[in-house]
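Note sheet for the following structure.
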Protein chains: 2
Amino acid sequence: MEKQPHRNTKQRTALLELLRSTKSHPTAAWLHERLAGEIPGLSLATVYRNLSVLAMQGNLQIIRSRGDAEHFDAIASSHGHIVCEACDRVRDLDLPDGENWDREAAKASGYEVSSHQLIFFGICPACRKGSR
Amino acid sequence: MEKQPHRNTKQRTALLELLRSTKSHPTAAWLHERLAGEIPGLSLATVYRNLSVLAMQGNLQIIRSRGDAEHFDAIASSHGHIVCEACDRVRDLDLPDGENWDREAAKASGYEVSSHQLIFFGICPACRKGSR
DNA sequence: TTAGGTGCAAAACCTTTGCCATCCC
DNA sequence: GGGATGGCAAAGGTTTTGCACCTAA
């Protein structure tokens with residue numbers, strides 16, 4: 001699964017560390033902004049390029065929800081996400097099972113299945129109260 | 001769930017019909033191209049606007065997979081999708097259950113859950129053979 | 001030394017919007 | 001008639017790319 005040779009630049013290392021240290025499923029822009037203090041001159045393009053590499057290495061998952069930008073999640077284990085359609089925030093959500101799905105899907109489809117993604121859409125408690 | 005007043009213009013009607021008649025989970029561009037013969041002068045903006053309206057009405061589901069563009073699926077029943085990471089095509093995939101998930105997710109999260117989306121990623125048989 | 005990585009700026013892309021003419025109800 | 005729609009073109013935002021200069025290994 002890991003094919004590319006790769007170097008551990010401070011940019012890539014910092015990116016993965018930051019991603020692993022947060023539970024907020026950030027966007028590329030957020031990561032860039034957050035890292036800019038630590039690594040002056042950091043380019044947004046670098047953030048994207050590294051996110052792409054990390055995704056290929058299986059180190060993170062890309063979440064395309066509603067809203068404009070992609071969200072990124074350092075993978076620990078297979079889990080689902082729930083997105084608030086009002087504030088666009090992403091939260092983790094564990095539902096039982098999900099481990100054998102890839103195998104089942106492969107059997108049912110004839111595909112070589114590598115991963116899956118389960119996303120729920122709704123309104124979070126905070127937004128429901130604020131009725132925003 | 002349905003809130004907006006709406007008119008049945010030929011553009012919107014044709015769009016929904018086309019979407020319902022195909023199993024290919026098209027992109028907006030594909031729909032536009034396909035409809036251009038039937039409705040000369042049809043604007044891509046109109047396609048997008050109508051897809052948005054139809055989605056709000058619950059007539060279709062938006063699939064954000066890999067690849068750049070969104071794919072659209074006329075909803076019949078709740079089902080999952082499987083995306084080929086090589087050719088980017090989307091196929092339907094029925095996995096058991098899935099009916100109570102929204103309720104379970106709501107209970108587990110405190111959100112007001114309206115829908116969910118399950119997407120598998122892999123390589124389809126055709127692309128595996130072609131090794132493309 | 002050298003292939004991969006980075007910054008910067010420009011490009012590419014998809015999607016949305018403003019505006020005004022048009023059409024449905 | 002009046003408000004929802006459509007067409008067109010321009011804007012908006014995110015992500016990607018080209019290129020020259022670095023830098024980890």
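Each chain gets a letter, A, B and so on, in the order the sequences are listed, and its residues count up from 1.
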Which one of A:Leu93, A:Ile123, A:Ile119 satisfies the side-chain contact (heavy atoms from CB on, under 4.5 Å) criterion with A:Val83? A:Ile119
DNA chain C nearest-nucleotide lookup for B:Asn8 and A:Ser43: closer to the 5′ end is A:Ser43
Check this one for me: any side-chain N or O of B:Gln11 less than 4.0 Å away from OP1 or OP2 of D:dG7? yes
Separation of atom NZ in A:Lys10 from atom P in C:dG4, rounded to whole Å: 21 Å
Please work out whether the ring planes of A:His79 and A:His25 are parallel, tilted or perpendicular, with thresholds of 30° and 60°. perpendicular
Any idea which of C:dC8, C:dT15, D:dG6 is nearest the B:Glu70 side chain? C:dT15
Report the distance from atom NE2 of A:His71 to atom C1' of D:dG13, rounded to the nearest whole Å. 14 Å
Could you tell me the separation between the CD atom of A:Glu33 and the P atom of D:dT14, rounded to a whole number of Å? 12 Å
So which nucleotide from D:dT5, D:dA25, D:dA9 ends up closest to the side chain of B:Thr9? D:dT5
Provide, to the nearest angstrom, the distance between the CZ atom belonging to B:Arg64 and the C1' atom belonging to C:dT15. 10 Å
Output the rounded distance in Å from CD1 (B:Ile39) to P (D:dC8). 13 Å
Judged by nearest nucleotide, the residue sitting upstream toward the 5' end of DNA chain D, B:Leu42 or A:Ala29, is B:Leu42
Report the distance from atom OH of A:Tyr48 to atom C1' of D:dT14, rounded to the nearest whole Å. 5 Å
Could you walk me through whether B:Phe121 and A:Gln117 pass side chain to side chain contact (heavy atoms under 4.5 Å, CB included), step by step? CA-CA 8 Å; B:Phe121 298 99; A:Gln117 200 167 275; 4.1 Å; yes
Atom CG of A:Asn50 to atom C1' of C:dG5: distance rounded to whole Å? 8 Å
Taking the side chain of B:His6 as its heavy atoms from C-beta onward, which of D:dC8, D:dT17, D:dT5 lies nearest to it? D:dT5
Is any side-chain N or O of A:Arg7 closer than 4.0 Å to OP1 or OP2 of C:dA3? no
Do you know which two heavy atoms are closest between B:Ala28 and B:Phe72, and how far apart they sit? N-CE1, 3.8 Å
In terms of side-chain heavy atoms of A:Ala69, which of D:dA25, D:dT14, D:dG6 is nearest? D:dT14
Comparing B:Ala45 and B:Asp68 on DNA chain C - which has the more 5′ nearest nucleotide: B:Asp68
Shortest side-chain distance from B:Thr46, nucleotide among C:dT15, D:dG6, D:dC19: D:dG6
Over how many whole Å does the gap from B:Arg12 atom CZ to D:dG7 atom P extend? 12 Å
Got a donor-acceptor pair under 3.5 Å from the side chain of A:Arg49 to the base of C:dG7? yes
Quick check: is A:Val53 connected to A:Tyr48 through a chain of hydrophobic side chains (ILVMFWY, heavy atoms under 4.5 Å apart)? no
